[in-house]
Number of protein chains: 2
Amino acid sequence: MHKILIVEDEPAISRIVEKYLIQSNYECTIASDGFIALELFSKNSYDLILLDVMMPGIDGFKVLETIRETSDLPVIMLTARELEEDRLSGFTKGADDYVIKPFSPLELVKRVDVFIKRIYGSNEISIRNYGPFVLDDKEKTMRKNNEIIDLTSAEYLVISVLLEHKNQILTRNQIIETAFSLDYEGYDRTIDTYIKRIRSKIEDDPKKPKYLQTKYGAGYVFII
Amino acid sequence: MHKILIVEDEPAISRIVEKYLIQSNYECTIASDGFIALELFSKNSYDLILLDVMMPGIDGFKVLETIRETSDLPVIMLTARELEEDRLSGFTKGADDYVIKPFSPLELVKRVDVFIKRIYGSNEISIRNYGPFVLDDKEKTMRKNNEIIDLTSAEYLVISVLLEHKNQILTRNQIIETAFSLDYEGYDRTIDTYIKRIRSKIEDDPKKPKYLQTKYGAGYVFII
DNA sequence: CATTTTTGTCATATTGTTGCCATAATTCAC
DNA sequence: GTGAATTATGGCAACAATATGACAAAAATG
């Protein structure tokens, strides 16, 4: 099931959209302003974002801009008819599609379907987005900014766990138990070696890791 | 797969257009100005050109004029709304269609689809292009940079499957089942031998395969 | 039918992965 | 700063998977 983040300040609209998307088998989260949206975005992983342009506080464009700093996630903008220039504006700033209000919920769902199908394929979810990193569980491949990162299968398991709990500190044992197995008999410091190897593949400067950071005395975090 | 040349100076726009076209199974090349566009045009072969009118340096009309000296390739112009006369201008100078900015990427793709289908679509596809590799299913021949590569029929089947799923890891059994038959009774490691033989024919250095790569513990991928 | 080419299997050589360790470097608390 | 604790790193051995060359059976060729 694919996860959609709905960013919309009018509950009347977001509720309806949510209802339709749920009927179409999507999992929805509603953010009522840009701030909450960015907060949710940084902590969770979504497959598509519906983003209202006109919002109090941070507007849709600002939100999109921030999202685009780290992610290529598909974003559909919801714009008012009056703001015809929004179209261009939205595009030049990186939106993938736009829908003009007032829109038919069915139409919106159809657009979402098309996107999800095109990008993730109609089948089971196998692709996960984390900022510049994209994991394909079916292929067991990872990309950073669209470049394939060549990982061994054990490395893939480790980074997969770290990304699943991005921005959360995981102890070596948590990593081992989740990535490998609960009854893994090995030495927990072996994780250090995996971290070393993964860093050398994903970090620009493995000496000063930007993503895969150490928490002294605790474990490791994937910051994104 | 048909090749599209996108001539557009704003990366924000060309990137989105490219993304959509790739999703619709087109192969895209982006030229960020008229100069590069003409350079690429003279060195490669495309099936359709998307041409922005407003560009620094040589503008779209000039580019179109030059292209028309030697080619009848379909060209779709991308024009700004303000320049309404561009329409006429564009037509009189030989454009095949035009799209007014701001445009919906989905709409643009639809237009491209219509064109490609009208012009190239009626004939059967027996020729498949994958970068420097061209397969002719009718002739059962493969070319690399226009040079015929002499393959046996089993080798052709294997590479055909790999290219059909280029950039996807295929297990030995997937290759066997797709290339040969579902009830193939043989030993799956026989695929290794085919890979060896194909590599010796298509790779510059079979020891360090650039195209037909091994995924340790998984299978093989054709990277292109 | 004889000859050549293709196909599939196998044994062996080579390469890649994994987990561990010893030692170096870093971090933290005092 | 200093020392103790913790992490980083390079290397290595055991193991697992792949690459390769040789060969015989099967097909194709003429």
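The model shown is predicted, which means the values in this text are computed figures rather than measured ones. In what follows, every chain begins at residue 1, and chains take the letters A, B, ... in the order their sequences are listed.
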Item to check | Chi angles and distances behind the side chain to side chain donor-acceptor pair (under 3.5 Å) call for A:Asp204, A:Tyr211 | outcome: CA-CA 10 Å; A:Asp204 293 327; A:Tyr211 303 108; 5.7 Å; no

Next on the checklist: Just so I know, are the side chains of B:Ile49 and B:Leu73 near enough to count as touching, which here means a heavy-atom distance under 4.5 Å?
Outcome noted: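 Yes, at least one pair of side-chain atoms sits under 4.5 Å.
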
[X] [atom1] - [N] [atom2] separation (whole Å):
| X | N | atom1 | atom2 | result |
| --- | --- | --- | --- | --- |
| A:Lys208 | D:dT9 | NZ | P | 13 Å |
| B:Ile191 | C:dT6 | CD1 | C1' | 15 Å |
| A:Tyr187 | C:dA22 | OH | C1' | 10 Å |
| A:Asp150 | C:dT17 | CG | C1' | 12 Å |
| A:Asp188 | D:dA8 | CG | P | 13 Å |
| A:Ile169 | D:dT6 | CD1 | C1' | 15 Å |
| A:Gln213 | C:dT26 | CD | C1' | 15 Å |

Next on the checklist: Around atom CG of B:Asp205, are there more than 12 heavy atoms from other residues, nucleotides or ligands closer than 6.0 Å?
Outcome noted: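 Counting other residues, nucleotides and ligands, CG of B:Asp205 exceeds 12 neighbours.
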
Item to check | Non-neighbouring partners of A:Lys62 that pass salt bridge (charged side-chain N to carboxylate O under 4.0 Å, His left out), sequence neighbours left out | outcome: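 Counting only residues at least two positions away or on another chain, A:Lys62 forms no salt bridge (charged side-chain N to carboxylate O under 4.0 Å, His left out).
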
Side-chain donor-acceptor contacts of residues 215-224 of chain B below 3.5 Å, not counting sequence neighbours, with atom names and distances?
from	atom 1	to	atom 2	distance (Å)
B:Lys215	NZ	A:Asp150	OD1	2.6
B:Tyr220	OH	B:Arg172	NH2	3.3
B:Tyr220	OH	B:Asp192	OD1	3.4

Item to check | Cationic N near anionic O, under 4.0 Å, A:Lys43 to A:Glu39 | outcome: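 Yes, charged N to carboxylate O under 4.0 Å.
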
Checklist entry - Can A:Glu164 and A:Arg128 be counted as an ion pair, charged N to O under 4.0 angstrom? => result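 Looking at A:Arg128 together with A:Glu164, the answer is yes, because their closest N to O distance falls below 4.0 Å.
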
Next on the checklist: Which residues pass the side chain to side chain contact (heavy atoms under 4.5 Å, CB included) test with A:Arg15, not counting sequence neighbours?
Outcome noted: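 So A:Arg15 forms no side chain to side chain contact (heavy atoms under 4.5 Å, CB included) with any residue.
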
Next on the checklist: I'd like to check the side chain to side chain contact (heavy atoms under 4.5 Å, CB included) partners of A:Gln174; sequence neighbours left out, ordered by chain and number.
Outcome noted: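 In terms of side chain to side chain contact (heavy atoms under 4.5 Å, CB included), with neighbours along the sequence ignored, A:Gln174 is linked to A:Leu170, A:Thr171.
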
Item to check | Phosphate contact (C:dT7 OP1 or OP2) by B:Thr152 side-chain N/O below 4.0 Å | outcome: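 Looking at the OP1 and OP2 atoms of C:dT7, one of them is under 4.0 Å from a side-chain N or O of B:Thr152.
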
Distances for protein N/O vs nucleotides 27-30 of chain C N/O pairs under 3.5 angstrom?
from	atom 1	to	atom 2	distance (Å)
C:dT27	O2	A:Tyr216	OH	3.0

Item to check | Protein-to-nucleotide contact annotation, 5' to 3' order, nucleotides 19-30 of chain D [B base; S sugar-phosphate only; - none; under 4.0 Å, heavy atom] | outcome: SBB---------

Next on the checklist: Heavy-atom nearest nucleotide on DNA chain C for A:Leu151 versus B:Glu155: which residue maps closer to 5'?
Outcome noted: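 The 5'-side residue here is B:Glu155.
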
Item to check | Along DNA chain D (nearest heavy atom to each residue), the more 5'-positioned of B:Gly219 and A:Ala218 | outcome: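 So the residue in question is A:Ala218.
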
